[in-house]
2 protein chains.
Amino acid sequence: MARKPLTRPRKHASQERSRATVDALVEATARILVKEGFDKASTNRIAEQAGVSVGSLYQYFPSKEALVAAVIERHTRQTMELVQGTLAAVEHLPMEQAVRRLVAMAVDAHRIDPKLHRVLAEQLPRTGKLESVEVFNRENFVLFKAFLERHRGEIRVVDLDLATFVCVTSIEALTHTAVLHHSQSFTEEVFAALVEEATRLIVRYLQ
Amino acid sequence: MARKPLTRPRKHASQERSRATVDALVEATARILVKEGFDKASTNRIAEQAGVSVGSLYQYFPSKEALVAAVIERHTRQTMELVQGTLAAVEHLPMEQAVRRLVAMAVDAHRIDPKLHRVLAEQLPRTGKLESVEVFNRENFVLFKAFLERHRGEIRVVDLDLATFVCVTSIEALTHTAVLHHSQSFTEEVFAALVEEATRLIVRYLQ
DNA sequence: AGGCAATGCGAGCTATCGCTCGTATTCTGC
DNA sequence: GCAGAATACGAGCGATAGCTCGCATTGCCT
């Protein structure tokens with residue numbers, strides 16, 4: 001009765017040849033997701049695009065969900081690295097400069113692979129949110145809260161959880177919407193202006 | 001070659017009996033969407049839930065998309081009425097009080113039918129954004145921009161379009177995320193605090 | 001009452017999906 | 001070079017989807 005599909009790889013690829021197959025499948029999944037969307041991304045089509053047979057696909061991924069999970073995993077990891085790196089680099093900056101860098105980083109993060117990001121953001125939650133996305137969100141929240149704690153002296157005393165929620169949600173929404181829905185109409189100058197505006201939004205909110 | 005499915009009703013129901021059928025179908029679609037999600041919402045199931053045959057369903061709706069479009073239409077109209085009403089009621093209030101009312105209204109708007117709203121927000125954009133949603137967003141943008149124009153004296157001079165984008169996007173994201181993803185963990189007091197925080201966020205940004 | 005239009009019905013067509021399984025090919029260690 | 005493990009193949013199964021069409025029923029008008 002409606003068992004949740006597995007998302008772990010079926011077997012560990014030991015030979016070089018099979019590792020290439022796995023990579024090709026993940027890459028093909030990402031490409032098909034972007035080009036056709038989740039619904040049209042059938043396992044047959046993915047296998048074809050990867051230059052691999054369906055049978056081989058199911059040797060390594062027990063379900064379509066597992067393939068998508070692998071794509072999410074990869075994209076999330078890239079993004080997480082950017083987030084962590086920037087938060088570290090910003091550690092000893094005055095708050096306003098730090099926030100500006102963080103907002104700019106959020107724009108960059110959404111630009112890593114905007115089309116894929118959009119598909120993942122808009123077409124997948126149906127499955128009930130893959131775990132790695134939840135982990136990413138939580139991690140993000142924790143990291144930003146730590147950032148606020150380090151600047152506690154510079155901000156008014158408030159519920160830090162609530163303040164983190166407000167900041168993270170706003171920055172994410174502004175950069176996400178700008179990059180994924182207005183890239184055509186927003187010039188680079190507009191993006192620069194947006195970074196300034198978002199920085200002002202956050203900094204004045206916190207002070 | 002991939003013709004876009006029609007979303008307009010196939011025929012105009014003239015007799016009372018058929019109007020009841022159409023209503024039952026739209027209502028059933030909403031119920032199934034909430035209970036089963038978009039993927040499991042088959043036309044057969046919808047017809048069954050409505051107590052109507054598939055044949056009758058296709059007399060009035062040329063495709064599954066058309067049914068969903070009708071549900072979105074209805075939900076959007078309800079929300080739009082709330083937005084317009086509040087913006088009118090707030091017209092002569094001082095800015096901070098006005099913003100507070102608007103934020104509270106945004107929370108209420110997401111509470112009209114949260115489960116349906118969530119399904120519509122998360123599971124549908126795949127089709128490429130139904131037109132009525134685009135219209136809603138644009139309308140929202142225009143209305144809020146007009147609001148800002150009326151308070152131009154109280155806010156610093158800025159790119160009004162950009163400021164509108166920042167405000168609308170932030171308020172929407174904060175209320176949307178709070179209601180649809182944190183309703184369990186957020187008590188009423190937290191929601192009240194959120195309204196205050198969001199108000200502060202917006203007002204201090206504008207000043 | 002009779003007849004035409006409006007409405008309602010649902011078995012079943014075609015297409016496609018996720019996925020399996022028996023077989024063919026390639027690689028590794030001896 | 002050979003045996004067995006690892007890898008790759010792809011026709012095809014069972015399920016389900018969206019949707020059609022021929023026919024039955026109901027309502028409206030004269």
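These numbers come from a predicted model, not from an experiment. A, B, ... follow the sequence lines: proteins, then strands. Residue 1 opens every chain.
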Any side-chain N or O of [X] less than 4.0 Å from the OP1 or OP2 oxygen of [N]?
X        : N       : value
Ser63(B) : dG18(D) : no
Ser18(B) : dT7(C)  : yes
Tyr58(B) : dC19(D) : yes

Legend entry - Contact list for DNA chain C against residues 42-53 of chain A - heavy-atom distance below 4.0 Å: Ser42(A), Thr43(A), Asn44(A)

Rounding to an integer number of Å, can you tell me how far [X] [atom1] sits from [N] [atom2]?
X        : N       : atom1 : atom2 : answer
Lys40(B) : dG18(D) : NZ    : C1'   : 15 Å
Gln59(B) : dC21(D) : CD    : C1'   : 11 Å
Leu67(A) : dC17(C) : CG    : P     : 15 Å
Asp23(B) : dT7(C)  : CG    : P     : 14 Å
Tyr60(B) : dA6(C)  : OH    : P     : 10 Å
Asp39(B) : dT16(C) : CG    : C1'   : 15 Å
Gln15(A) : dT25(C) : CD    : P     : 17 Å
Glu65(A) : dG18(C) : CD    : C1'   : 10 Å

Inset, instruction - Select from Ala41(A) and Gly55(A) the residue whose nearest nucleotide in DNA chain C is closer to the 5' end of that strand. - result: Ala41(A)

Inset, instruction - Examine Arg200(B) relative to Tyr205(B) and say whether NZ or CZ is less than 6.0 Å from the centre of the six-membered ring and inside a 45° cone about the ring axis. - result: no

Inset, instruction - Give a yes/no verdict on a cation-pi contact between Arg111(A) and Phe191(A), requiring under 6.0 Å between NZ or CZ and the six-membered ring centre and an angle within 45° of the axis. - result: yes

Legend entry - Among Ile171(B), Val168(B), Leu102(B), the one residue meeting side chain to side chain contact (heavy atoms under 4.5 Å, CB included) with Ile202(B): Ile171(B)

Inset, instruction - Specify whether His182(A) and Phe186(A) have parallel, tilted or perpendicular ring planes, treating 30° as the upper limit for parallel and 60° as the lower limit for perpendicular. - result: parallel

Inset, instruction - Using heavy atoms to find the nearest nucleotide of DNA chain D for Arg17(B) and Lys64(B) separately, return the residue whose nucleotide is more 5′. - result: Lys64(B)

Inset, instruction - Report, as yes or no, whether the 6.0 Å neighbourhood of atom CZ on Arg204(B) holds more than 12 heavy atoms from other residues, nucleotides or ligands. - result: yes

Legend entry - Ring center gap for Phe165(A) and Phe144(A) short of 6.0 angstrom: no

Inset, instruction - Decide side chain to side chain contact (heavy atoms under 4.5 Å, CB included) for His176(A) and His117(A); before the verdict, give the C-alpha distance in whole Å, the side-chain angles of both, and the deciding distance to 0.1 Å. - result: CA-CA 9 Å; His176(A) 178 100; His117(A) 189 95; 3.6 Å; yes

